[in-house]
2 protein chains.
Amino acid sequence: MSIPAPTVYVVDDDVSFLTAVARLLRAGGYAVKLYSSADAFVKDPPPEPVGCVIVDLHMPGMDGMELQEVLARSSSPLPVIFLTGHGDIATSVHAMRKGAEDFLTKPVNREKLFEAVQRALVRNALQRAAGARDRELRALYETLTPREREVMTHVVAGRLNKQIAADIDAAERTVKAHRASIMAKLRVQSVADLVRLSQSLGL
Amino acid sequence: MSIPAPTVYVVDDDVSFLTAVARLLRAGGYAVKLYSSADAFVKDPPPEPVGCVIVDLHMPGMDGMELQEVLARSSSPLPVIFLTGHGDIATSVHAMRKGAEDFLTKPVNREKLFEAVQRALVRNALQRAAGARDRELRALYETLTPREREVMTHVVAGRLNKQIAADIDAAERTVKAHRASIMAKLRVQSVADLVRLSQSLGL
DNA sequence: CCGTGTTCTGCACCAAAGGACAATAGCGGG
DNA sequence: CCCGCTATTGTCCTTTGGTGCAGAACACGG
């Protein structure tokens, strides 16, 4: 398996600024990819969501805030750092509330930029790790049949086999069979593990 | 039991502004309490943390950011709304990252202020509800003896009674006794409930 | 010294969970 | 029509969990 290098995706319609920021980041040892518009980024998204996005607020077509919205909607783990020349406090507050990693102003301070990128990359790594675990668990859960999921909710609720049997109108033996199948498919050894797994899945 | 009315605590060293904001809020139907410094607020804190805090950034003595820090450190459920005349983007970003509810500028827009306060009060209610549940559970957990807590960690880990017995070097019957005591004290009916409870406690 | 709470344990009994082995039945594809 | 998957249920046996009843050791405070 290849380990993809974290990449800083810079999106700005001001090409001279774009190249300046790119030079700065490359000098800092970061892999950089440039886009001259948010639309271009959306149309040609990164193959692996490893890294972060630095985006200008005001751009022709889709603006920075909209790009952030698109990323959020697609549950992308790429943190967004805003970098704009005409930002105001209200806008920065709104962006931060929407989950932006940082909100910087042009001309950008080299230290601040690197700090923001560093934080963003850490956050990205954490997000991806959490997301990966989540997908694994969901994949296991997907293998359950409808009936098994039904039984699982009862088991997680702490109900006894005979109670579950009565609830779903089946024999206790049937519940035991489903139960065993659930534990095997989800690869858990105890009800305690099963409960935690269901919590992780948000059930 | 009395239901305390949500109160908006306004902290600003500019007394004329303080009274103006107070008048505005009172006209909006909010209970208001005024402080002319953050130190005054800290020395004479609200008896019930029901409401929110509106605080100026720049003040003699403790400033707004420090006050936010104090509230966070004491796990206060009172959200903080900054309201300042000399704020910049970097400061607002920092404040939001620290968990501020909003960051407004003077002169304040009446609508924006009311919206912020409303959001803050909702958040406060949710925080208090969550905090109350948390304290109840913690109080129950406190009643457990050291030995019972030890057994509980093993039970929550999904270990069998005989395994637990071996681990803590005791008879299986002893583990059963502790286990029964745990379930009774924490008022749970099943291992599933116990696991969820321990998750809520962050164990 | 005595009472209280904690910890520990034994025996017996019953309820619940789980595994082994097996069988029946419906349903959708190949 | 047969295969595979799902769902269902049965019996038998073992392991595990839970409870009632009871006793003993220890520490701590009144």
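Just the heavy atoms: all of them, side chains too, but no hydrogens, waters or symmetry mates, feed the values below. Every chain is numbered from 1, with letters handed out A, B, ... down the list of sequences.
The closest donor-acceptor contact from the side chain of Thr143(B) to the backbone of Ala139(B) lies at 3.5 Å or more, if one exists at all. Not one N or O on the side chain of Arg128(A) forms a donor-acceptor pair closer than 3.5 Å with the backbone of Val50(A). At distances below 3.5 Å, not a single donor-acceptor pair connects side-chain atoms of Arg179(A) with backbone N or O atoms of Glu148(A). Between the side chain of Ser74(B) and the main chain of Val70(B), a donor-acceptor pair closer than 3.5 Å is present. The main-chain N or O of Met62(B) is found under 3.5 Å from a side-chain atom of Asp39(B) such that the two form a donor-acceptor pair. Here the side chain of Asn124(B) pairs a donor or acceptor atom with the backbone of Pro77(B) at under 3.5 angstrom. Of the possible polar contacts, one joining the Tyr35(A) side chain to the Asp44(A) backbone as a donor-acceptor pair under 3.5 Å is found.
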With side chain to side chain contact (heavy atoms under 4.5 Å, CB included) as the test, would you mind laying out the steps for Ile81(A) and Val117(A) before giving the verdict?
CA-CA 8 Å; Ile81(A) 297 169; Val117(A) 169; 4.1 Å; yes
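Every side chain to side chain contact (heavy atoms under 4.5 Å, CB included) that Ala170(A) has, sequence neighbours left out, goes to Arg147(A), Ile168(A), Thr174(A). Annotation: salt bridge (charged side-chain N to carboxylate O under 4.0 Å, His left out) contacts of Arg123(A) (sequence neighbours excluded): Glu101(A). Residues passing the side chain to side chain contact (heavy atoms under 4.5 Å, CB included) test with Thr7(B) are Tyr9(B), Ala31(B), Lys33(B), sequence neighbours excluded. Annotation: salt bridge (charged side-chain N to carboxylate O under 4.0 Å, His left out) contacts of Asp167(A) (sequence neighbours excluded): Arg159(A).
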Pairs under 3.5 angstrom, nitrogen or oxygen only, protein versus nucleotides 25-30 of chain D, please.
none

Identify each atom pair where a protein N or O and an N or O of nucleotides 11-14 of chain C are less than 3.5 Å apart, giving names and distance.
unit_1: dC11(C); atom_1: N4; unit_2: Arg173(B); atom_2: NE; d: 2.9

Enumerate the protein-to-nucleotides 25-27 of chain C contacts in which both atoms are nitrogen or oxygen and the separation is below 3.5 Å.
none

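Heavy atoms from other residues, nucleotides or ligands lying under 6.0 Å from CD of Gln163(A) number more than 12.
Comment: Arg138(A) engages Asp134(A) in a salt bridge, judged by a side-chain N to carboxylate O separation of less than 4.0 angstrom. Salt-bridge check for Arg97(A) with Asp102(B): passed, with a basic side-chain N closer than 4.0 Å to an acidic carboxylate O.
Note on ring orientation: taking the six-membered ring where Trp is involved, the planes of Phe82(B) and Phe103(B) are tilted (angle from 30° to 60°).
Looking at Pro49(A), Ser76(A), Pro45(A) one by one, the single match for side chain to side chain contact (heavy atoms under 4.5 Å, CB included) with Leu71(A) turns out to be Ser76(A).
With no hydrogens or angles considered, a side-chain donor-acceptor pair links Gln118(A) and Tyr30(A) at under 3.5 Å.
For the contact set between residues 141-149 of chain A and DNA chain D, defined by any heavy atom under 4.0 Å, the members are Thr145(A), Pro146(A), Arg147(A). Contacts with DNA chain D (heavy atom under 4.0 Å) in residues 178-196 of chain B: Arg179(B), Ala180(B), listed by number. Of all the residues in residues 158-168 of chain A, Leu160(A), Asn161(A), Lys162(A) reach under 4.0 Å from DNA chain C with at least one non-hydrogen atom.
Among pairs with a residue in residues 45-73 of chain B, those fulfilling side chain to side chain donor-acceptor pair (under 3.5 Å) read Asp56(B)-Thr84(B), Glu69(B)-Arg73(B), at least two apart in sequence or across chains.
Between atom OG of residue Ser198(B) and atom CG of residue Leu203(B) there is a gap of 5.5 Å, rounded to the nearest 0.5 Å.
Note on the helix from dC1(C)-dG30(D) to dG30(C)-dC1(D): angle between the axes of the first and last five pairs equals 30°, rounded to 10 degrees.
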